[in-house]
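Here is the structure we will look at, set down as structure tokens.
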Amino acid sequence: MSEFDANPFADPVDINPFQDPSVTQLTNANQQGIDDFNPFTENSRLTPVASDTKEPAGPKTTPSQPAILQPTVEPTPQANASAAQTVLLRQQEELERKAAELDRKEQELKNEGYNAKRNNWPPLPSFCPVKPCFYQDFAAEIPSGFQRTVKMLYYLWMFHAVTLFLNLLACLAEFILNATYGVDFGLAILWFLLFTPCAFLCWYRPVYKAFRSDSSFNFFFFFFIFFCQIILYVIQAIGIPNWGVSGWIAALSWTRTNLAVAIIMMVVAAFFTACAVLALFLMQRVHSIFRRSGASFQRAQEEFSQGVFSSPAVRNAAASAASAAAQSTFQGN
């Protein structure tokens with residue numbers, strides 16, 4: 001009966017929807033932000049009111065699946081050994097490849113050096129069947145301070161060859177006028193054919209190599225042979241009869257027989273005398289350079305021993321002699 005007794009025409013309950021607590025809270029917060037805003041202040045701006053609930057600082061994380069631990073497998077000793085062997089083989093192949101490359105480059109350098117230093121002495125024409133035997137270049141191989149001395153020695157050797165050839169002609173003139181001088185003519189031919197190349201090989205080339213490489217052994221070899229050469233020049237200048245030389249004694253003996261032959265022989269005797277004087281001067285000059293260079297007899301011995309033991313022929317001969325001695329010893333036992 002209570003529901004039916006109510007007056008349907010009575011005023012309903014005055015319910016204001018803006019009085020709801022959630023709505024009034026929001027309106028009060030916005031009103032506070034507006035009240036705090038001052039448009040006349042510098043760098044002022046309307047900042048929203050922070051909410052009561054703040055999200056934690058830091059990067060957002062996404063849910064992920066739990067980590068699963070993978071089981072670790074320990075390598076066996078055989079696997080470690082095989083891996084180490086593989087690494088060693090790879091390194092060995094790399095070293096072999098580098099060694100082959102170095103050998104190839106060294107061979108190329110040797111070929112280039114051979115082509116660059118092709119033998120050029122004696123200067124023979126290309127159609128000649130005999131080819132040059134030595135390489136000689138004063139500007140490239142001899143230091144600038146010693147080039148003049150080496151050239152003077154080279155010119156002395158050339159003067160030596162010309163003198164021996166003139167001596168041969170003088171002895172030929174003797175033989176033409178008197179057949180009894182045939183022995184002198186034969187010996188003059190022998191001296192020309194023998195002493196010309198021997199002087200080049202025995203004292204000129206050693207002194208050339210001595211200045212080229214500062215070799216004490218070549219210096220000592222030059223001094224010994226060149227001293228003997230000076231003695232030979234003196235004997236040739238004297239002109240002992242029947243020795244195949246046209247010296248002063250032989251030339252003076254022809255002044256009463258044939259003046260032309262005597263003059264030719266005197267010219268040859270003067271040439272031999274000039275050779276002896278120039279040789280003495282150059283030997284003294286080379287000796288002074290040798291003393292300033294710091295060379296010594298001990299250094300020459302060391303160079304000789306190193307050169308002998310580094311020679312393949314000497315090593316092979318020594319090995320053969322040692323093996324033959326060992327075999328004879330075992331057979332004797």
Side-chain angles (χ1 to χ4, degrees), residues 122 149-211 217-290 297 300:
T149 303
V150 178
K151 287 181 179 180
M152 291 178 66
L153 288 165
Y154 179 64
Y155 297 149
L156 175 62
W157 173 81
M158 295 176 66
F159 188 69
H160 164 85
V162 171
T163 303
L164 290 178
F165 181 73
L166 293 177
N167 177 68
L168 188 152
L169 296 179
C171 291
L172 176 61
E174 284 184 322
F175 178 65
I176 292 173
L177 294 177
N178 191 346
T180 58
Y181 288 97
V183 176
D184 286 346
F185 178 62
L187 290 176
I189 296 175
L190 179 63
W191 301 152
F192 175 73
L193 296 178
L194 181 63
F195 288 156
T196 301
C198 285
F200 184 86
L201 295 175
C202 295
W203 58 261
Y204 170 69
R205 285 300 296 181
V207 76
Y208 182 89
K209 292 188 289 185
F211 281 106
F217 174 75
N218 286 313
F219 271 118
F220 274 95
F221 190 81
F222 163 76
F223 289 138
F224 177 75
I225 301 297
F226 202 62
F227 180 75
C228 296
Q229 179 69 71
I230 293 173
I231 296 176
L232 184 60
Y233 282 148
V234 173
I235 295 174
Q236 289 171 337
I238 293 173
I240 301 174
N242 298 325
W243 278 38
V245 290
S246 302
W248 292 108
I249 296 177
L252 293 175
S253 65
W254 276 90
T255 55
R256 291 171 296 181
T257 306
N258 192 309
L259 186 60
V261 174
I263 293 174
I264 295 174
M265 297 183 71
M266 284 182 181
V267 171
V268 176
F271 274 38
F272 279 126
T273 305
C275 285
V277 174
L278 290 174
L280 282 172
F281 170 73
L282 289 176
M283 186 173 184
Q284 183 182 4
R285 187 167 183 172
V286 173
H287 186 262
S288 63
I289 295 174
F290 171 75
F297 184 71

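Here F222 contributes atom CZ and R205 contributes atom CZ; the two are 14.0 Å apart, rounded to the nearest 0.5 Å. Atom CE of residue M283 and atom CG of residue L280 lie 8.0 Å apart, to the nearest 0.5 angstrom. Here OG1 of T149 is found 4.0 Å from CD1 of I289. Values are rounded to the nearest 0.5 Å. In this structure, CG in L201 is found 11.0 Å from CD1 in I225, a value given to the nearest 0.5 Å. We find the CZ-CD1 distance between F185 and I176 to be 8.0 Å, quoted to the nearest 0.5 Å. Here CG of L168 is found 11.0 Å from CG of L187. Values are rounded to the nearest 0.5 Å.
Listed for the T257 side chain is no donor-acceptor partner under 3.5 Å among the backbone atoms of W254. In this structure, D184 contributes its side chain and F175 its backbone to no donor-acceptor pair below 3.5 Å. In this structure, W157 contributes its side chain and T196 its backbone to a donor-acceptor pair below 3.5 Å.
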- [ ] Dump the intermediate steps for side-chain contact (heavy atoms from CB on, under 4.5 Å) on L153 and Y208, then the final yes or no.
- [x] CA-CA 9 Å; L153 288 165; Y208 182 89; over 6 Å; no
Open item on the list: Before you tell me yes or no, could you show the steps for K209 and F221 under side-chain contact (heavy atoms from CB on, under 4.5 Å), namely the whole-Å CA-CA distance, both residues' side-chain angles and the distance that decides it to 0.1 Å?
Closed with: CA-CA 11 Å; K209 292 188 289 185; F221 190 81; over 6 Å; no
TODO: Go through the steps for F220 and F290 under the test side-chain contact (heavy atoms from CB on, under 4.5 Å), then give the verdict.
DONE: CA-CA 9 Å; F220 274 95; F290 171 75; 3.5 Å; yes
- [ ] Evaluate ring-ring contact (aromatic ring centres under 6.0 Å, His included) for Y233 paired with H160, printing each intermediate quantity in order.
- [x] CA-CA 9 Å; Y233 282 148; H160 164 85; 5.5 Å; yes
Task: Steps toward side-chain contact (heavy atoms from CB on, under 4.5 Å) verdict (L166, L169) - done: CA-CA 5 Å; L166 293 177; L169 296 179; 4.3 Å; yes
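Using a 4.5 Å heavy-atom threshold, the side chains of V261 and Y181 count as separate. Side chains of T255 and M266 form a contact here, defined as non-hydrogen atoms less than 4.5 Å apart. You'll find the side chain of V286 reaches within 4.5 Å of the side chain of F219, heavy atoms only. Within the 4.5 Å cutoff, no side-chain heavy atoms of V207 are placed close to those of F226. Side-chain contact between V245 and I240: absent, with no pair of heavy atoms (C-beta onward) separated by less than 4.5 Å.
Looking at every heavy atom in both residues, N218 comes nearest to A210 through CB-CB, 3.6 Å. Of all the heavy atoms in A279 and I230, the pair that sits closest is CB-CG1, 3.6 Å. Among all heavy-atom pairs drawn from S246 and N167, the shortest one is N-OD1, 2.7 Å. Between L164 and W191 the shortest heavy-atom distance is CD1-O, 3.8 Å.
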